[in-house]
Amino acid sequence: MPNPDPAPSGPPSADSSHSDSAHSDSLRSDAAHSLALTRRTAWKLLGGLGSAATLASTLAPPLAAARPATAPAAPLPAASRPHPPAAAAGIPAPARAGEGGSLPTGMLRLDGTGMTLLLIRRATGLPEIAYWGGRLPDHLDAAALYAVRSPDTPDNGPDQWQPTITLLDTIGAWNFDLPGLVAARPDGRDWTALFQVDAIRQTPDELVIDASDALSAIGLRITLRCADNVLAASMRLSNRGDTPLLVERLVSGTFLLPAEIAALGVLHGAWAHEFAIAPMSLAEGGIVIESRRNRTHDHFPGIVAGLPATSRNAGPAWAAQLGWSGGHRLCAERMEDGRIRLTVGEYLHPGEGTLEPGAGLDTPTVYATYSADGFAGCARAFHAYARRHLLRWPTGQMKPRPVLLNSWEANQFDLAEDRLRQQIDIAARLGVERFVLDDGWFGARRNDRAGLGDWTPALALFPQGLWPLSDYVHARGMEFGLWFEPEMVNPDSDLYRAHPDWVLQVRGRPLLTSRNQLVLDISRPDVAGYLLRVISEQVVDARIDYIKWDFNRDLLAAADEGGRPAYRRQVLALYALWDKLHAVHSALEIESCASGGGRADWGALGHVQRVWTSDNTSAPDRLLIQDGAWHFLPPEITGCHISASPNWLDHRATSIDFRAAVALFGHLGLELDPTRLSTDEQDRLAAWIALHKRLRPVLHHGQIQFGEATPHRIVRGVTTPDGGTGIYLVAQRDWPPARMPSPVLLPGLSSDRRYRVTMPGPQALGGHWPSPAQQRLVRDGLAIDGALLRDAGLFLPQMPPQSAVILECQAL
Ligand code: DGJ
């Protein structure tokens with residue numbers, strides 16, 4: 001349920017490190033109308049450009065001087081809120097830009113290391129977004145800003161000019177595009193909103209704006225934070241009236257993109273084909289990307305944008321992603337003046353935004369960044385932010401990501417303890433550090449039609465429970481992980497037979513199953529309590545270090561006992577359950593699986609330590625899936641497994657070197673039966689695992705570099721922040737279009753350093769007739785100038801499709 005105002009408790013902002021107590025000066029709002037004349041006079045006195053002192057993040061001084069420290073407008077008692085007759089409001093005089101309510105009263109800004117968000121306060125309304133892009137100088141002339149953002153009043157347009165893009169565009173302002181807020185009372189009133197700023201608090205990296213609309217009795221708090229060049233925006237809307245407020249839409253953030261952008265990169269996909277970034281043209285009108293199923297195989301809640309010349313590693317780029325594991329809606333619209341307004345927010349199902357009097361609705365946080373270094377620059381900012389502000393590690397710090405063996409693809413539901421022990425033995429010899437027992441270990445779960453929900457070990461498989469197997473794993477120096485799918489139940493299960501009322505469904509309609517399962521209402525305290533208890537029993541009894549938390553169906557007609565949609569509450573209850581498990585079992589790590597890629601968003605990342613990137617482990621496809629995912633997610637939290645050949649999904653056969661090279665950069669795992677590998681394959685796998693362990697300090701803490709991405713070749717890498725080391729993957733997808741492959745450019749190296757370039761590990765040189773230099777590359781390495789590697793490129797021997805090399809560059 002929405003939270004009572006004023007105690008905010010909605011989707012927890014991931015950066016709880018910021019607290020309200022950090023806010024400093026509180027700038028109280030203007031009594032707009034009574035001051036309009038004073039301000040107009042003050043504006044004229046400024047005399048145009050250059051006369052006003054520049055004050056970043058504050059009001060321009062003459063205006064500030066004219067501003068009394070008024071308290072925020074007190075909400076009207078609802079009973080005394082008759083809507084005024086039309087005549088009482090009067091007919092406003094025409095007011096063009098820079099006049100009347102649009103009179104600029106202050107400049108606000110938030111800066112990242114390479115980014116500035118610039119806002120203009122006006123006498124009425126919410127601050128206008130004037131600019132979001134590359135870092136602007138510290139000192140800007142506020143009066144000059146007002147002048148350049150003061151458009152003419154076109155013929156046949158509104159008489160009262162208002163900015164088209166504010167922090168929250170509403171119905172009732174001069175706005176004909178998709179509003180960021182859609183709400184009304186049950187009787188249909190209060191469907192417009194014109195907010196007045198009541199107070200602004202700002203520190204160098206945070207801006208909190210309190211606003212209200214007295215007529216509609218709505219309060220609003222907009223919070224914007226900036227850290228590591230990432231903006232984090234969220235809203236809280238509160239119902240100050242005495243009847244419910246039905247909120248249909250409330251965005252987390254509004255962003256301004258330049259008119260020159262022709263297409264946006266949106267993330268389409270499907271199960272086993274997640275994170276595909278596809279350009280969507282934005283010639284006219286707008287695009288809306290929605291996901292309404294609480295899983296995001298179809299649309300990861302992220303978006304990227306660049307100018308026509310922007311590439312993967314150069315040029316201006318913008319990106320945003322919503323930190324939320326439920327439904328979402330991303331809208332990009334070309335405004336009348338050509339610029340693009342991007343709004344990102346949660347998708348509310350009917351009634352989910354109903355606010356009782358006094359209640360508030362907290363949006364999830366949207367994270368956004370700008371980079372002058374292409375999409376890789378945005379990805380680097382996201383990775384840095386996630387590492388520093390989002391991810392929570394049991395010991396406070398990420399330990400080296402343990403290489404794991406997952407039982408699923410090799411065994412599926414056929415779990416024989418003897419065979420598992422043989423697999424574990426070989427895995428330990430290969431260097432595996434964590435064994436994960438996947439689906440099938442419990443209840444009557446011998447296939448996906450029964451047993452889900454009955455979280456006790458199947459005694460036919462594990463007569464003494466799981467602890468002997470867990471001990472066996474631990475004795476080999478490995479961690480023990482266990483699969484759960486706690487939010488689900490098979491109708492054919494003891495749990496469902498005992499508690500058919502626990503599932504989400506519209507009573508009176510047929511039950512809708514998917515993968516033979518139903519969804520539990522985990523927002524019920526009895527259900528959450530049951531799950532906490534049964535999971536905890538296994539964590540303690542079997543000494544579990546790690547949980548793979550699966551979620552294998554979409555929510556559909558997911559109603560609670562009272563028939564109301566429960567999508568939103570389900571997400572909040574999930575986050576609470578994850579947090580409780582962490583609190584009770586302090587060393588536990590959790591992976592968010594969701595059929596791979598279905599719940600790999602930044603909302604989940606505030607509560608888990610790993611995501612399963614995709615059920616598609618076929619290396620040619622994984623190349624692309626990981627590329628898309630790493631635009632938003634740091635590689636070290638994305639599960640990347642070396643699977644068997646031929647692959648279970650597409651039956652393609654690939655070499656173990658190709659599969660290993662593709663998986664090398666992420667959180668490495670094996671998804672195969674080690675007992676079925678030849679000795680040579682085992683040796684090669686052991687060598688790849690050793691290479692991964694040697695390189696993972698760079699791979700998992702460094703900066704991502706996106707190189708060439710063509711239908712025939714993908715190049716990407718990770719460099720250390722000082723540019724001293726670069727590790728690159730060069731993967732051949734198809735034959736090159738020309739007779740000879742083009743040289744490979746390695747982005748991110750220092751142009752003023754020389755590097756020793758090697759092909760480390762168990763790699764062999766392909767090609768028909770490698771040149772002597774190419775042979776030296778494998779044998780002892782080549783010393784090459786960083787500038788040449790970056791800009792001229794390196795000829796590699798011709799590589800057949802579905803082959804790859806890893807290049808290691810160490811500064812000399
Ligand atoms: C879907 C997951 O993505 C797989 O890895 C595996 O855990 C299966 N579910 C088990 O049912």
Side-chain angles (χ1 to χ4, degrees), residues 269-275 293-298 300 325 404-415 420 423 434-455 457-458 461 466 480-490 492-493 513-519 535 538 544 546-555 589-601 604 608 610-619 621-622 625-626 629 633 637-644 647-650 663 666-673:
W271 170 76
H273 295 284
E274 297 82 7
F275 298 110
R293 46 177 93 198
N294 279 31
R295 295 205 306 171
T296 55
H297 298 98
D298 56 343
F300 174 82
S325 310
L404 64 82
L405 170 68
N406 190 66
S407 71
W408 178 246
E409 286 187 22
N411 304 279
Q412 302 238 339
F413 290 105
D414 183 14
L415 298 179
L420 292 173
Q423 293 171 0
R434 174 184 283 168
F435 171 74
V436 182
L437 183 60
D438 209 288
D439 200 351
W441 58 267
F442 52 91
R445 184 79 168 176
R446 302 294 77 76
N447 53 51
D448 64 13
R449 293 187 296 280
L452 198 54
D454 301 336
W455 300 109
L461 300 176
L466 293 177
F480 184 60
L482 193 59
W483 181 96
F484 286 91
E485 195 179 2
E487 297 150 89
M488 303 286 172
V489 63
N490 283 128
D492 183 2
S493 66
T513 56
S514 172
R515 207 194 185 204
N516 312 302
Q517 61 198 54
L518 298 164
V519 190
I535 295 170
Q538 293 310 315
I544 294 167
Y546 176 77
I547 288 179
K548 178 177 176 182
W549 188 291
D550 217 338
F551 180 60
N552 285 309
R553 66 157 284 179
D554 299 327
L555 266 59
E589 287 194 10
I590 300 178
E591 167 181 356
S592 171
C593 172
S595 309
R599 195 152 63 189
D601 55 86
V608 299
R610 189 191 207 245
V611 298
W612 179 224
T613 319
S614 175
D615 269 354
N616 188 342
T617 52
S618 181
D621 289 346
R622 263 308 185 104
I625 292 170
Q626 288 163 197
L633 311 175
I637 59 94
T638 59
C640 297
H641 293 184
I642 303 169
S643 55
N647 183 267
W648 74 277
L649 183 67
D650 62 9
H667 184 171
L668 186 65
L670 306 183
E671 193 81 41
L672 45 70
D673 183 347

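Values reported hereafter were calculated over all heavy atoms of this structure, with side chains retained and with hydrogens, waters and symmetry mates removed. Start at 1 and go down the list; that is how both ligands and their atoms are numbered.
The contact set between ligand 1 and Cys593, taken as ligand atoms under 4.0 Å from a residue heavy atom, comprises 2 (C), 3 (O). For ligand 1, the atoms closer than 4.0 angstrom to any heavy atom of Asn552 are 1 (C), 9 (N). For ligand 1 and Gly596, the ligand atoms under 4.0 Å from any heavy atom of the residue are 3 (O). If you number the atoms of ligand 1 from 1 as listed, the ones under 4.0 Å from a heavy atom of Ser595 come out as 1 (C), 3 (O). Close contacts of ligand 1 with Asp439, meaning ligand atoms under 4.0 Å from a residue heavy atom, involve 10 (C), 11 (O). Set against the non-hydrogen atoms of Lys548, the atoms of ligand 1 under 4.0 Å away are 4 (C), 5 (O), 6 (C), 7 (O).
Looking only at side-chain heavy atoms (C-beta outward), Trp612 and Thr617 come within less than 4.5 Å of each other. Looking at heavy atoms from C-beta onward, Glu274 lies out of side-chain contact with Thr613 at the 4.5 angstrom threshold. Within the 4.5 Å cutoff, no side-chain heavy atoms of Ser493 are placed close to those of Leu452.
No side-chain donor from either of Asp438 and Ser407 sits under 3.5 Å from a side-chain acceptor of the other. Side-chain contact annotation: Gln517 with Asn552, donor-acceptor N/O pair under 3.5 Å absent.
In this structure Arg445 satisfies the side-chain hydrogen bond (donor to acceptor under 3.5 Å, both in side chains) test together with Asp439, Asn490, sequence neighbours excluded.
Residue-to-ligand polar distances keep Trp408 apart from ligand 1: every N/O pair is separated by 3.5 Å or more. On a distance-only criterion, Asp438 and ligand 1 share at least one N/O pair closer than 3.5 Å.
For Phe413 and Trp441, the ring centers sit 6.0 Å or farther from each other.
When Asn616, Asp550, Thr613, Asp448 are checked for heavy-atom proximity to atom 9 (N) of ligand 1, Asp550 turns out nearest.
The protein atom (non-hydrogen) at minimum distance from atom 3 (O) of ligand 1 is Asp615 OD1, 2.3 Å.
Residue Arg515 touches ligand 1 through its side chain alone, judged by heavy-atom distances below 4.0 Å.
Remark: Arg446 CZ is packed, more than 12 non-hydrogen atoms of other residues, nucleotides or ligands lying under 6.0 Å away.
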